[in-house]
Amino acid sequence: MGLPALEFSDCYLDSPQFRERLKSHELELDKTNKFIKELIKDGKALILALKSLSTAKRKFADSLNEFKFQCIGDAETDDEICIAKSLQEFAAVLQNLEDERTRMIENASDVLIMPLERFRKEQISAAKEARKKYDKETEKYCAVLEKHLSLSAKKKESHLHEADNQVDNVRQHFYEVSLEYVFKVQEVQERKMFDFVEPLLAFLQGLFTYYHHGYELAKDFNHFKTDLTISIQNTRNRFESTRSEVESLMRKMKENPHEHKSVSQHTMEGYLFVQEKRSFVSTWVKYYCTYHREPKRITMVLFDPKSGGKTGEEESFTLKSCTRRKTDSIEKRFCFDVEAVDRPGVMTMQALSEEDRRLWMEAMDGREPVGYQGYQLEHVMAQLDVIGFNVMKKFIYAVETRGIDDQGLYRIVGVNSRVQKLLGLAMDPKTCADVELENSEWEIKTITSAIKHYLRVLPGPLMTYQYQRSFIKAAKLDNQEARVTEIHALVHRLPEKNRQMLELLIKHLATVANHHQQNLMTIANLGVVFGPTLLRPQEETVAAIMDIKFQNIVVEILIEHHEKIFRDVPISVGVPTNMQLNLSRRTSTESKAPSCSERPLTLFHTPTHSQKGELNHLIYLIKRIKCIDCFPSLICFFICSHLLCFSHNNIYFNRYNTANAIHFFVYVSISPISPSPTSPRSPSWPMFSAPSSPQATSSASSDSSPVSCLFFSPESAQNLLSHSHSLIVSSIAGRKARALYACKAEHNSELSFIAGTIFENVHASREPGWLEGTLDGRTGLIPENYVDFL
């Protein structure tokens, strides 16, 4: 029940019921006053707590901002760079959020505390003062009334009249005070509905503004969060492979420390004890010594490993001779004498073991230096010869025809004895013809392990020790295009046989990656498997293992850009720069669906005045092609894509010029004999067939000339182009799609996303191999092979 209304007329009656109603209002005012007093106290405590929280969060953000990641190695991957700057990004978000909280705290006192205190002082306190006045007047009126009523009737009339006037005056004043008090009480009861609640609403609005600011920050942070999630996952995957390599090296060092000891061919270094004679007493002092063979210079540093620092200056001298010290001539073991050119006397040195003395003696005696021998290749027959190529083609064909969709392809390891047996039989000219890879005796994991083992036991890595560091440096470049360009050039510097074998392998790995939905072997996974094999270092060290992540990146780039890298000659060879860049970009993006690393230059294709010349140049290049070791259908699609691109922009596209573009011959190398397990030939691919029409003809190939000629008429080509374009555009326009894999944008026209993301309004873009869709209100490009339509 609410409070009863106080009628002004009741003030004149001043009945007990009126007094009860008035008392209920007074109790409510007392309760309100107490509540506001507690609320002000709690509000001040809340503001103080918010200030403390803000201070703590700022301190936390400062700590994040001050910490800098230090990665092992001389360069960082893109993922490591993203992770390294993540702490600063976190700190910036927290600082931004706390700036808004500070503004809220500063306003809280003005919008909450001060209005409540003002309402309590100006309204409730005023009502209390009116109550005191009302109680005082009530007491006065009652006293005057009692005194007046006690007067004797025998008093003089004038005296009684004067007393009546006095009582009337007091009664009138009492009524006035009563009316004012009732008015004030009801006014306060009504005012508290807005004067009391409005400050609370303003305070909550400040809180909502703060939280909304946090929501907006979270939305802005979402893209970086997606990139960071992908980078963390990639780094974790690389860590697992790197950790296993480091553990393997550690175990080898434990088992054979001398065999894996890193020693330069021209340098010997380590601890030696040097005999020093002082006052008829000889002492043995521990030095860290380094010997450089070229100048025959020995450097000694007095160093105490226990204290962890130098204890003296370096001493250096030129070696004259080194002689083994006989055991019977000195009490100490493992000793040898050293004579210096620029220092008098003979120094006696003690090695740490007999083997250590042998190494020092051989190094300083001018014998063959003892250096790190790397991977021992004793009794291995693997070479980049005809047998090696035939074996690899045979193995690859078996994998592609029997197990291309097997999950964990190349990651699941075969039994070592079976792998050795298969490789031994396949490499032996006497037994290679008897190896039937279609037989269930040879599991796919055995064949894939044999491929990897063959590459490991080559005299050197497939990409050579000579260029190993160059490939790593290329992978460390900041710009993605520069990486591809540099690796492209390095591949064409490899020896011919190495490049041919690399091309054979990488094309196979690209085929494997195209089936990643079934075999789960993405380009990144294949990079992890083959990076350490193709680019193994000459010296097995922890630093070299830390570069495995860059070896993986090199293999990923080779797979993603294999068509451009192995088909096109690098720009430096002599092809005009602008034309080469335009042509290679178009062919690489239009002949296959791109990966995330193949970035479009613009969101939409923008025609230029040079396209007419480019089309003629394109036709000229295709006419000169003698042999194409790839899919003819992709070549035809490549031409169709170019013509479609021109037709969209109404540039240089008419019946006559279409005929010029289509009247060409594509020569495709076709094997006249179907491959068999005993024939290491690569399988022949199906020819692209033109639409059935009288104009489309194909010349027959003969056994003596395994070359086929494919011809299109202008009418057939235009029909094919228009049909293909309408089919492609209508099939994917305006649909929803789900991301199958995570992708990190490298251009502002692209979208970053994680696996499972749903895109709205997905349709074809004018960038070949890319779709255009909307995510969180933002429209951008999506790799076509990264999504599945719903």
Contacts of [X] that satisfy side-chain contact (heavy atoms from CB on, under 4.5 Å) - sequence neighbours left out:
{"X": "D79", "answer": "T77, S231, N234, T235, R238, K744"}
{"X": "V386", "answer": "N390"}
{"X": "H508", "answer": "I396, V399, E400, Y410, V512"}
{"X": "I232", "answer": "I83, L228, R236"}

Exercise: do Q233 and N237 side chains pair donor with acceptor under 3.5 Å: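 Judged by distance alone, the side chains do pair up.
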Residues pairing under side-chain hydrogen bond (donor to acceptor under 3.5 Å, both in side chains) where one sits in residues 421-430, two or more places apart or in two chains, turn out to be none
Parallel, tilted or perpendicular: which fits the ring planes of Y467 and F471, with parallel below 30° and perpendicular above 60°? perpendicular
Q500 pairs by side chain to side chain donor-acceptor pair (under 3.5 Å) with which of E503, K497, E496?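 The single option meeting the side chain to side chain donor-acceptor pair (under 3.5 Å) with Q500 is E496.
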For H223, ring-ring contact (aromatic ring centres under 6.0 Å, His included) partners two or more places apart: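 H223 satisfies ring-ring contact (aromatic ring centres under 6.0 Å, His included) with no residue once adjacent residues are dropped.
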Side-chain contact, heavy-atom cut-off 4.5 Å: [X] with [Y]?
{"X": "M268", "Y": "R293", "answer": "no"}
{"X": "K332", "Y": "F273", "answer": "no"}
{"X": "R483", "Y": "D78", "answer": "yes"}

Residues [X] and [Y] bridged, charged N to O under 4.0 Å:
{"X": "E362", "Y": "R358", "value": "yes"}
{"X": "E66", "Y": "K59", "value": "no"}
{"X": "E443", "Y": "R418", "value": "no"}

